[in-house]
Amino acid sequence: MEAFKTLTSKMMPVPINDIDTDQIIPALYLKVTSKDGLVEGLFSNWRYLPGTKTDNPDFAINKPEHQGATILVGGDNFGTGSSREHAPWALMGYGFKAIISTSFADIFRSNSLKNGLLPVIVDEETHKQIFSLIEEDPETAVTIDLVNQLLTLPDGREVSFPIDEFSKKCMIQGVDQLGYLLGMKDEIAAYEVANAK
Amino acid sequence: MSKPTTLFEKIWNAHVVANEPGAPTVLYIDLQLVHEVTSPQAFTGLREKGLKVRRPDRTFATMDHSIPTVDIAKAGSISLDMIDDMARKQLNQLVINCNEFGVKVYDTTTTERGIVHVLGPDLGLTQPGTTIVCGDSHTSTHGAFGALAFGIGTSEIEMVMATQTLLQYKPKTFKVDYVGALKEGVTAKDMILKLIAVNGFQGGTGHVFEYMGEAVRSLGMEGRMTMCNMSIEGGARAGMIAPDEKTFAYVKGREYAPKGAAWDEAVAYWRTLKTDEGAQFDKEITIDVNALEPMITYGTNPGMGIHITEAVPDPSVIRNVNERSSLEKALNYMDIEPGKPLIGKAVDVVFVGSCTNSRITDLREAAAMIDGRKVADNVRMMVVPGSEDVRKQAESEGLDAIFQSAGAEWRSAGCSMCIAMNGDQLSPGQYAVSTSNRNFEGRQGKGGRTFLASPLTAVASAVNGVVTDPRTMIN
């Protein structure tokens, strides 16, 4: 996992509420046995014109002014639905490093943190402000400072966002969480002995 | 006297391996179920790190998501030669991975193969008081037995494979009290769709539901599984029901159930698994079952549900801008008019199946309603049992013949049309009444439109060719 400390980037606006994992990556694309080949499926129900692989010019990902954005701003309740980790893999494969929303579904948030994709939860007002800023100027950039848990808007306003201490530490150091559990092997063995049936 | 605790807390507390400051709880996992779609990258991770599956005796795999189902009357049975290269590669990889790591896999050569959340209970692997995970959000199903069961991602699958533990923050608890008694034609599916409609499809985020009340007690194990299955559609990773005599009777004698003295000991423990009088929940909601009618969804998330006689909500009267735009977007995708009920709306496909409603009692209910009737000419009806064992059981009762003579397809087991990745799917623009769990855009096929409902509502709609209140077809 790549370490994440700070990120300054323009943003890709997808102002749709309840973006579910079937929209992020439809099931048809899940017949893979690796983490590759998922980018083509990212938002494929929306980014291509119906029945084609032709770009839908109205969808944010296809708009020239949003190219290069590594932060996606989604509507409320982002990532609802299935447990497929293919959703964060596809988003990261495209180049996103952080997602801003007012709320995230539990499993999606957990999966994202384990891959170094940072879910940033902001209040409704900030959320609205971000969308208007992008509309006014698609080049608008924000800075995400994970160490201090701060999102800095172009006017200098700082908005703090929550993240659990453990996931934060893992992301800043770029280490996966499995290492911690492997270090617990004595405790796990003791539990198994105590609870042997 | 010790502090009264909830069912959830009892199971959680019994599985804590470690609780270090600055880290989530290390929670022991008793059982991991595995399927072909979310596991390959986890096995690759183990291989790359030189790790083993710590407890192959607590790890079981099956094929369900990407494996096609076939019309039994035409094909007889499924084999891997029939399918596309990518799906076949994924299914073969599951077998290779399981063989290499010593994990039992229920592949096409076994009679038990089926949807992971049907297989676990079928085999008696799903037991009260245990912790169960699977790389599938509908793992919540197993909570029907008084287990703590939830879906995990692939990174977590690898963690459980390697250590038999997971890092988890303790979720909050949410009591769902169903008061009153179910009326005829109203089912467990309607009970859970009602909760999701009133509490919102993200209303349970961060919580574990516990379903309580006489209406829940009156359900058989299959109905309880239907309810717990859709906990995730209510935003909760897990849902639970305290075990009782029905639970013990269901588990008893199954392949992996405890036997002899171990059985008596297990049941004695299982009887302690209930929420104590006076235990506190973080949230509570009461649902009046007396007033409950068959439910149906009209939109593109499972919270967009109504009584079948109710009118589809009108966005123009909704003041909250966010809610209004979500509803407008959904109705636009569904291409339905607000302000009137869905009853009478023509349907193209009826799907009875999925980990929500593909168990033997679901099939019996559906067969009883369709017996002596015909599927309307404009409708394709598919009946897909949850496992090959369920299929065999249904066939031994003659249910297949009832469905087939009514004009429905009787198919081999799998996830089928619940998830459009195995060939069973809607065409763009088609409408389906489906007993599955998700009505997201394109969930059952790109451009397809899903009305979620109970097996009874599905059958009634198949017979009339339009969305139908099943109560009009019960004598």
Side-chain angles (χ1 to χ4, degrees), chain A residues 15-18 20-23 26-35 44-46 50-51 75-77 80-89 103-115 124 164-167 169 176-178 180-182 184-185 187-188 190-192 195 197, chain B residues 14 17-18 22-24 26 28 37-38 40-41 44-45 49 51 54 65-66 84 86-87 89-90 93 135-137 139 151-156 158-159 162-167 169 201-202 205-206 232 235 237 258 262 300-301 322 325-326 329 419-421 428 438 440-443 446-447:
Chain A
I16 298 170
N17 291 333
D18 309 316
D20 58 73
T21 53
D22 277 274
Q23 307 318 315
L28 193 60
Y29 293 90
L30 306 187
K31 291 193 260 186
V32 293
T33 52
S34 73
K35 299 175 188 178
S44 66
N45 287 343
W46 295 339
D76 301 337
N77 190 34
T80 187
S82 80
S83 66
R84 62 188 72 159
E85 202 158 316
H86 309 69
W89 294 336
S103 57
F104 292 89
D106 284 339
I107 307 180
F108 176 82
R109 188 176 46 84
S110 163
N111 284 341
S112 296
L113 288 167
K114 289 178 179 63
N115 286 276
E124 269 180 48
D164 70 276
E165 207 183 317
F166 184 77
S167 300
K169 202 169 79 182
D176 70 32
Q177 301 187 6
L178 176 58
Y180 180 86
L181 288 175
L182 290 170
M184 283 279 167
K185 66 175 191 305
E187 287 84 350
I188 295 167
Y191 178 92
E192 286 183 330
N195 291 277
K197 280 176 192 143
Chain B
V17 172
V26 178
Y28 195 79
V37 173
T38 56
Q41 300 85 354
T44 302
K49 298 178 185 85
L51 297 167
R54 182 181 175 93
H65 281 67
S66 65
D84 73 79
M86 268 188 100
K89 180 168 177 253
Q90 191 175 56
Q93 191 62 47
D136 189 285
S137 60
T139 307
I152 58 176
T154 300
S155 296
E156 292 178 314
E158 186 183 335
M159 291 181 202
T163 71
Q164 207 60 29
T165 61
L166 263 186
L167 284 161
Y169 288 100
F201 87 116
Q202 67 232 58
T205 304
I232 186 70
R237 276 178 92 167
T300 53
N301 76 55
N322 241 346
S325 70
S326 294
K329 183 172 185 296
I419 185 162
M421 67 177 300
R438 290 195 173 128
F440 297 149
E441 286 184 26
R443 169 76 181 190
K446 195 169 177 174

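Within every chain, numbering begins at 1; the chains are lettered A, B, ... in the order of the sequence lines, protein sequences first and strands thereafter.
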Salt-bridge present (Arg443(B), Asp22(A); N to O < 4.0 Å):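 The answer is yes: the pair qualifies as a salt bridge.
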If we ignore angles and hydrogens, is there a donor and acceptor under 3.5 Å between the side chains of [X] and [Y]?
X: Tyr28(B); Y: Glu192(A); value: yes
X: Trp46(A); Y: Glu441(B); value: yes
X: Asp164(A); Y: Ser167(A); value: yes

inquiry  = Using side-chain heavy atoms (C-beta onward) and a distance below 4.5 Å, is Thr165(B) in contact with Met184(A)?
reply    = no
TODO: Answer with side chain, backbone, both or neither: which region of Ala262(B) has an atom nearer than 4.5 Å to a non-hydrogen atom of chain A?
DONE: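 For Ala262(B), no heavy atom lies under 4.5 Å from chain A.
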Honestly, the part of Leu51(B) sitting under 4.5 Å from a heavy atom of chain A is side chain
For [X], is it the side chain, the backbone, both or neither that has a heavy atom under 4.5 Å from a heavy atom of chain B?
X: Asn111(A); value: side chain
X: Ser110(A); value: side chain
X: Ser44(A); value: backbone
X: Glu187(A); value: both

Leading residue by heavy atom contact count with chain A [cutoff under 4.5 Å; candidates [options]]:
options: Ile152(B), Asn322(B), Ile419(B); answer: Asn322(B)
options: Gly22(B), Gly442(B), Ala18(B), Ser326(B); answer: Gly22(B)
options: Ser325(B), Pro258(B), Ala420(B); answer: Ala420(B)
options: Glu158(B), Lys89(B), His65(B), Lys446(B); answer: Lys446(B)

query = More than 12 non-hydrogen atoms from neighbouring residues, nucleotides or ligands closer than 6.0 Å to NZ on Lys35(A), yes or no?
reply = yes
Flag if over 12 foreign heavy atoms under 6.0 Å of NZ, Lys49(B): yes
Taking every non-hydrogen pair under 4.5 Å, which of [options] racks up the most with chain B?
options: Ile16(A), Leu28(A), Asn17(A); answer: Asn17(A)
options: Gly81(A), Ser103(A), Pro50(A), Gly75(A); answer: Gly81(A)
options: Leu182(A), Thr80(A), Ile188(A); answer: Ile188(A)
options: Lys185(A), Gln177(A), Arg84(A), Arg109(A); answer: Gln177(A)

Review point. Looking at residues at least two apart in the chain, or sitting in another chain, which of them share a ring-ring contact (aromatic ring centres under 6.0 Å, His included) with Tyr180(A)?
Key: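 For Tyr180(A), the residues satisfying ring-ring contact (aromatic ring centres under 6.0 Å, His included) (neighbours in sequence not counted) are Phe166(A).
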Item checked: side-chain contact (heavy atoms from CB on, under 4.5 Å) partners of Ala87(B), counting only residues at least two apart ->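 For Ala87(B) the side-chain contact (heavy atoms from CB on, under 4.5 Å) partners, ignoring immediate neighbours, are Lys31(A), Ser66(B), Ile83(B), Asp84(B).
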